Amino acid sequence: MRKASTKIIASILAVSVLILAGGAVLGQTPTATVTPTATATPTATVTPTATVTPTATVTPTATVTPTATTKSTATVIPTATVTPTATIKSTATTTPAATVKSTATPGQTSTGTGIVNQNVTISTSITNEERNKATNIAVSSTTNIIVNPTVVDVRREDGSNQNIRVRLKDQTGEIIAMIITPEGQAQPAVQNVQTFRQTQNNFEGKYVSFKFTNDSILDYSLDGKLIFKSIRLGFNATNVTVSGSKLKIFDNNNMVVIHDTINGIITESSSGRIVATYELASGISAIATGNRVDIPEIRASILSSDPGSNEVVPSVSGNTIQVTINNGKSTFIAKPTGNQFDDRVIEGIADNKIGNIILIEAEDSHDITTFGVDTTINKVVPNTVSINVSSDVSDGKIIALKVSRDILRDQNLRILVDGNEIKAAADINDLFKLDKLAYLIVAGQDVEVLVSIPNFSERQIIVTSEVASTAAVRATTPNVTTVTTVTTALTPGRTTVPGFTLGLILVVMAVLYLATKNRKNR
């Protein structure tokens, strides 16, 4: 009986050895026994660096950096929509004559011819035929916006292979960008709603109202208050155009621009010599000081505003102000808020340090007054305003920008010039040194921004606010199912041999059986 048991055990051992040997031959690694720590190991079943790599699928610096700036936190940094340096400058070979028709005062007719003959920046992909067609369409579609237009540049619209963007400048220094489609349709790149309403010779806007005859403005009121009984222009107007918040009255040599803004700006310019006469309303007085006249009751001034020219001489006699303009420009401007911003802007106009005043009340409502700095509004969207400024004179200027809080809702503002963020000036005196790129912000009823430009080529200025962009950069979490089974850890590349575990169990049982029998036999 003992011999039979011994033979059975020997057979079991032999079978077990054969099973173990087979496992060794097939490459099983005995050391890789049951490893509980390998149960549902995320690094083994779902390896984020292999299956879901956030830096590969959602890279914040790639998706949330609209421009080549150094910060990726800006939500909307418009690209350089107007960057003439990105095109190739060439001289226009043809000079198309553009007929400019303007709206005339009742009883008058007015038709002038504007010659488009400036050096034109042309994209290499635009043919002369395309350029000429787009230019003529742009000029003819802006007859009530542009006076005696000249072409600034012609190029493809950003993000479009078909539309052409034509920028036109009139003698006031405002630049209008027109988008021309292949079908010949034209529309302003930035809309600007008209504010003046006309009833016969009466004009009424949101802030300003008056009557107009050929040579005079009568009953000029600002915000419901009568300021001037009359303003005799000093010339007989032949043309009147209305665009947005501006009404332009002009002939071949002279122009008056009335702005429907809270500042009630009136500019008058002449290429010859004229004398304008302002008759004050009852209860309003004026004081002459140097090349300016101050009107204390409404915190307003009339002053010379022609860069490089002192040929504007104002004087006061009783309730009458006379302004002699000899190849120069004068400006009437009120400062209803009376804050430091308005005070310094008026001083800056008198000192020829203010390049322009830009008022933006809504996405489709803006007003530009230029003092030697040409201005294009590129984009107005919530939390971002983009403009381009340029000047034929290299001297530094202050850009004065006033934006409604409905546009700049978030007040954490960043100011960028040519794509680079600039620093704030120490104070307003530091800003007016005009020795560096800098800015100051006055946050009141509106957001008022002064930007110092120490020298000019064409510059792009962006005012924007940082907004949380978590949703835009949030990585997508993969759907992973967790399995709670026990697995054996194997050498990579090896496979499990069927029966290996059974052979191991049989060996252990045989050894235990022999040990038990030996004890009994003793």
Side-chain angles (χ1 to χ4, degrees), residues 67 76-84 138 141-142 144-147 149-155 157-159 163 165-180 186-195 242-246 248 257 259-263 265 354-391 397-408 413 415-419 439 446-451 453 456 458-465:
T67 58
V76 183
I77 304 292
T79 56
T81 54
V82 183
T83 309
S141 65
T142 56
N144 292 329
I145 303 175
I146 297 290
V147 178
T150 54
V151 177
V152 177
D153 55 40
V154 180
R155 66 192 190 95
E157 182 188 11
D158 288 342
N163 294 344
R165 189 174 191 265
V166 181
R167 289 200 301 164
L168 300 172
K169 171 185 170 183
D170 73 358
Q171 62 194 67
T172 67
E174 181 177 2
I175 297 175
I176 303 296
M178 299 297 296
I179 305 300
I180 313 299
Q187 68 175 13
V190 178
Q191 300 292 328
N192 192 15
V193 298
Q194 185 167 313
T195 62
V242 179
S243 172
S245 58
K246 292 198 289 191
K248 300 173 185 177
V257 182
H259 299 254
D260 182 31
T261 66
I262 194 171
N263 298 105
I265 298 173
I354 295 294
N356 57 17
I357 298 175
I358 306 167
L359 306 177
I360 298 178
E361 290 191 337
E363 292 183 38
D364 59 356
S365 178
H366 60 265
D367 183 271
I368 301 171
T369 307
T370 66
F371 306 109
V373 171
D374 301 334
T375 306
T376 309
I377 293 182
N378 300 322
K379 184 174 292 187
V380 179
V381 295
N383 298 319
T384 297
V385 171
S386 170
I387 65 173
N388 267 51
V389 293
S390 60
S391 176
K397 296 288 183 181
I398 300 292
I399 307 303
L401 181 64
K402 183 181 293 187
V403 185
S404 167
R405 283 182 177 268
D406 291 336
I407 298 295
L408 296 180
L413 291 177
I415 315 300
L416 296 91
V417 176
D418 297 336
Y439 73 89
D446 298 309
V447 180
E448 301 167 341
V449 183
L450 294 176
V451 181
I453 306 291
F456 273 95
E458 182 153 10
R459 303 290 196 121
Q460 185 187 49
I461 300 174
I462 295 174
V463 179
T464 188
S465 55

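One-based numbering along the sequence shown. Nothing here was measured: the structure is a model prediction, and the numbers come from that model. Any value given below was found using the heavy atoms of this structure, including those in side chains, with hydrogens, waters and symmetry copies removed.
Between the OG atom of Ser404 and the NE2 atom of His366 there is a distance of 14.5 Å, given to the nearest 0.5 Å. Note that CG of Asn378 and CD1 of Ile387 are 8.0 Å apart. Values are rounded to the nearest 0.5 Å. Once rounded to the nearest 0.5 Å, the distance linking CZ of Arg167 with CG of Asp374 reads 9.0 Å. To the nearest 0.5 Å, atoms OG (Ser386) and CG (Leu416) are separated by 10.0 Å. Considering CG of Leu359 and OG1 of Thr369, their distance stands at 6.5 Å, rounded to 0.5 Å. Considering CD1 of Ile265 and CD1 of Ile368, their distance stands at 11.5 Å, rounded to 0.5 Å.
Distance alone, capped at 3.5 Å, places no donor-acceptor pair between the Ser365 side chain and the Val193 backbone. Using modelled atom types, no side-chain atom of Asn383 and backbone atom of Ser465 make a donor-acceptor pair closer than 3.5 Å.
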Show the numbers, then the answer: is there a side-chain hydrogen bond (donor to acceptor under 3.5 Å, both in side chains) between Asn356 and Thr375? CA-CA 8 Å; Asn356 57 17; Thr375 306; 2.7 Å; yes
Candidate pair Ile453 and Lys397, rule side-chain contact (heavy atoms from CB on, under 4.5 Å), full reasoning: CA-CA 5 Å; Ile453 306 291; Lys397 296 288 183 181; 5.6 Å; no
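Between Asp446 and Val403, every side-chain heavy-atom pair lies at or beyond the 4.5 Å cut-off. A 4.5 Å side-chain heavy-atom check between Ser390 and Arg459 finds every atom pair outside the cut-off. Within the 4.5 Å cutoff, no side-chain heavy atoms of Gln187 are placed close to those of Ser141.
When all heavy atoms of Asn192 and Gly244 are compared, the closest pair comes out as ND2-CA, 3.8 Å. Residue Glu174 comes nearest to Thr370 through the heavy atom pair N-CG2, 4.3 Å, listed as atom of the first residue, atom of the second, then distance. The nearest pair of heavy atoms linking Lys379 to Val190 is N-CG2, 4.1 Å. Closest of all the heavy-atom pairs between Tyr439 and Leu413 is OH-O, 4.5 Å. Smallest separation of non-hydrogen atoms from Ser245 and Asp367: OG-OD2, 2.7 Å. Summarising the geometry of Ile180 relative to Ala186, their closest heavy-atom pair is CD1-CB, 3.4 Å, with the distance given to 0.1 Å.
The one candidate from Leu450, Ile360, Ile415 that meets the side chain to side chain contact (heavy atoms under 4.5 Å, CB included) condition with Leu401 is Ile360.
Residues Thr195 and Asp260 have side chains that bring a donor and an acceptor to within less than 3.5 angstrom of each other. Defined by atom type and a distance below 3.5 Å, a donor-acceptor pair is present between the side-chain atoms of Thr172 and Asp170.
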